[in-house]
A.B. asks: 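Right, I'll just put the structure down here and ask away after.
First the proteins, then the strands, lettered A, B, ... as listed; each starts at 1.
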2 protein chains.
Amino acid sequence: MSKSLIELTPTQTVACCSPLMREPLSAVQAERVAPLLKALADPVRLRLLSLVASHADGEACVCDLNDAFDLSQPTISHHLKVLHDAGLLDRSKRGVWVYYRARNEALSDLAAMIGGAGA
Amino acid sequence: MSKSLIELTPTQTVACCSPLMREPLSAVQAERVAPLLKALADPVRLRLLSLVASHADGEACVCDLNDAFDLSQPTISHHLKVLHDAGLLDRSKRGVWVYYRARNEALSDLAAMIGGAGA
DNA sequence: CTTGAATATCGACATCTGTGAATGTCTTGA
DNA sequence: TCAAGACATTCACAGATGTCGATATTCAAG
């Protein structure tokens with residue numbers, strides 16, 4: 001797991017719980033983490049991310065994603081962009097089709113910082 | 001850990017990764033999880049929650065929290081209410097003072113469902 | 001080069017959200 | 001009973017967000 005979201009302090013070595021509950025988040029840290037949560041904090045985006053992440057090859061074509069919702073194509077495109085801009089989805093274009101892939105590292109980092117360990 | 005956020009399926013027994021990446025979230029599940037993330041998805045609330053969670057006795061007085069921010073008292077009160085309504089903070093009044101306590105279970109449930117296991 | 005299909009971008013709109021000033025509600029102490 | 005302090009609620013407002021229709025962009029096929 002990468003250590004990008006939170007700078008590790010010496011105390012970390014005696015990890016007892018997630019960074020969130022170990023010591024107060026600095027304003028800077030909070031400003032860095034909040035956008036990721038904001039990107040996740042929407043029912044449609046949660047389902048989109050889950051659809052992509054749980055898909056066979058770990059990636060999914062936008063054409064498939066569009067059909068899974070009762071929303072317009074631009075709206076789905078918008079949500080995918082939000083997830084991509086937040087660093088939660090990777091994008092790759094092959095021919096006319098665009099495939100998105102979940103960035104598992106980003107997800108587990110986020111999970112670790114929220115409620116990590118056994119806490 | 002409680003199992004409130006996501007109903008467990010038979011597949012769960014062969015857990016390989018978080019619910020989010022194991023299989024597509026249903027619309028109902030997404031609608032249930034999103035509000036929690038929404039409550040967390042704000043820099044001020046992240047710091048508030050972290051302040052409370054990492055505080056000595058696991059709880060903190062509003063009077064202390066107010067001083068930690070350059071925001072008006074009503075604004076802090078509002079954010080605390082959002083966290084409380086989402087089920088992330090417990091509230092207890094003792095005398096004139098109000099103490100908030102982090103609901104660790106809610107946090108670890110959330111973490112588990114986002115990026116859980118080793119994924 | 002033109003057509004058609006797959007995505008993205010733009011413009012507009014209603015709704016939601018973060019914030020502060022003013023005010024209300026409790027509770028303690030005099 | 002009154003005054004003062006701790007916290008919540010209400011009101012108002014600027015800015016962000018989700019959505020769609022229309023349009024632009026990119027690519028493959030013919």
A.B. asks: Phosphate oxygens OP1/OP2 of C:dA6: is one of them under 4.0 Å from a side-chain N or O of A:Y99?
C.D. replies: no
A.B. asks: For the atom pair CD (B:E23) and OG (A:S50), what is the distance rounded to the nearest 0.5 Å?
C.D. replies: 8.0 Å
A.B. asks: Please check if the side chain of A:S18 supplies one atom and the backbone of A:A112 the other of a donor-acceptor pair under 3.5 Å.
C.D. replies: no
A.B. asks: By nearest nucleotide on DNA chain C, pick out whichever of B:G95 and A:W97 is the more 5' one.
C.D. replies: A:W97
A.B. asks: Tell me: CZ of B:F69 to C1' of C:dT19, nearest whole Å?
C.D. replies: 14 Å
A.B. asks: Could you state the atom-to-atom distance from CG of A:L71 to P of D:dG18 in whole Å?
C.D. replies: 12 Å
A.B. asks: Say whether, by atom type as modelled, one donor and one acceptor occur between the side chain of A:S108 and the main chain of A:N104 under 3.5 angstrom.
C.D. replies: yes
A.B. asks: Could you work out which one of C:dT17, C:dT19, C:dA8 sits closest to the side chain of B:K38?
C.D. replies: C:dT17
A.B. asks: Pick base, sugar-phosphate or nothing for A:Y100, based on heavy-atom distances below 4.0 Å to the nucleic acid.
C.D. replies: sugar-phosphate
A.B. asks: Measure the shortest side-chain to side-chain distance between B:R47 and B:F69 over non-hydrogen atoms and say whether it is less than 4.5 angstrom.
C.D. replies: yes
A.B. asks: With a 4.0 Å cutoff (strictly under), does any side-chain N or O of B:T75 reach OP1 or OP2 of C:dT19?
C.D. replies: no
A.B. asks: Given C:dT7, is OP1 or OP2 found less than 4.0 Å from the side-chain N or O atoms of A:R91?
C.D. replies: no
A.B. asks: Quick check on side-chain contact (heavy atoms from CB on, under 4.5 Å): which of B:I114, B:L46, B:L49 does A:I114 satisfy it with?
C.D. replies: B:I114
A.B. asks: Any base atoms under 4.0 Å from B:R94, or only sugar-phosphate, or nothing? Heavy atoms, all strands.
C.D. replies: nothing
A.B. asks: Of the options D:dT9, C:dA8, D:dG18, whose atoms approach the side-chain atoms of A:H79 most closely?
C.D. replies: D:dG18
A.B. asks: Find which nucleotide of DNA chain D each of A:D42 and B:I76 is nearest to by heavy atoms, and output the residue with the more 5' nucleotide.
C.D. replies: B:I76
A.B. asks: Given that B:D64 and A:V44 both sit by DNA chain D, which one's nearest nucleotide is further toward the 5' end?
C.D. replies: B:D64
A.B. asks: Once hydrogens and angles are ignored, does a donor-acceptor distance under 3.5 Å link the base of D:dA6 to the side chain of B:Q73?
C.D. replies: no
A.B. asks: Can you figure out which of C:dT19, C:dC26, C:dT9 approaches the side chain of B:K93 most closely?
C.D. replies: C:dC26
A.B. asks: Which of the following nucleotides, D:dC7, C:dT7, C:dA22, is nearest to the side chain of A:C61?
C.D. replies: C:dT7
A.B. asks: Can you check whether B:E59's main-chain N or O pairs, donor with acceptor, with B:D57's side chain at less than 3.5 Å?
C.D. replies: no
A.B. asks: Of all the choices, C:dG20, C:dT9, D:dA6, which nucleotide is nearest to the side chain of B:V96 once you look at every atom?
C.D. replies: D:dA6
A.B. asks: If I take atom CD in residue B:E31 and atom C1' in nucleotide D:dG18, what distance separates them, rounded to the nearest angstrom?
C.D. replies: 13 Å
A.B. asks: How many whole angstroms separate atom CG of A:L83 from atom P of D:dG18?
C.D. replies: 10 Å
A.B. asks: Nearest whole Å is fine: how far is C:dC16 P from B:K81 NZ?
C.D. replies: 16 Å
A.B. asks: Name the closest nucleotide to the A:H78 side chain, picking from C:dA22, D:dT19, C:dG18.
C.D. replies: D:dT19
A.B. asks: I need the CG-P distance between B:D85 and D:dA8, as an integer number of Å.
C.D. replies: 11 Å
A.B. asks: Looking only at side-chain atoms of A:R45, point me to the closest of C:dG18, D:dT19, D:dG18.
C.D. replies: D:dG18
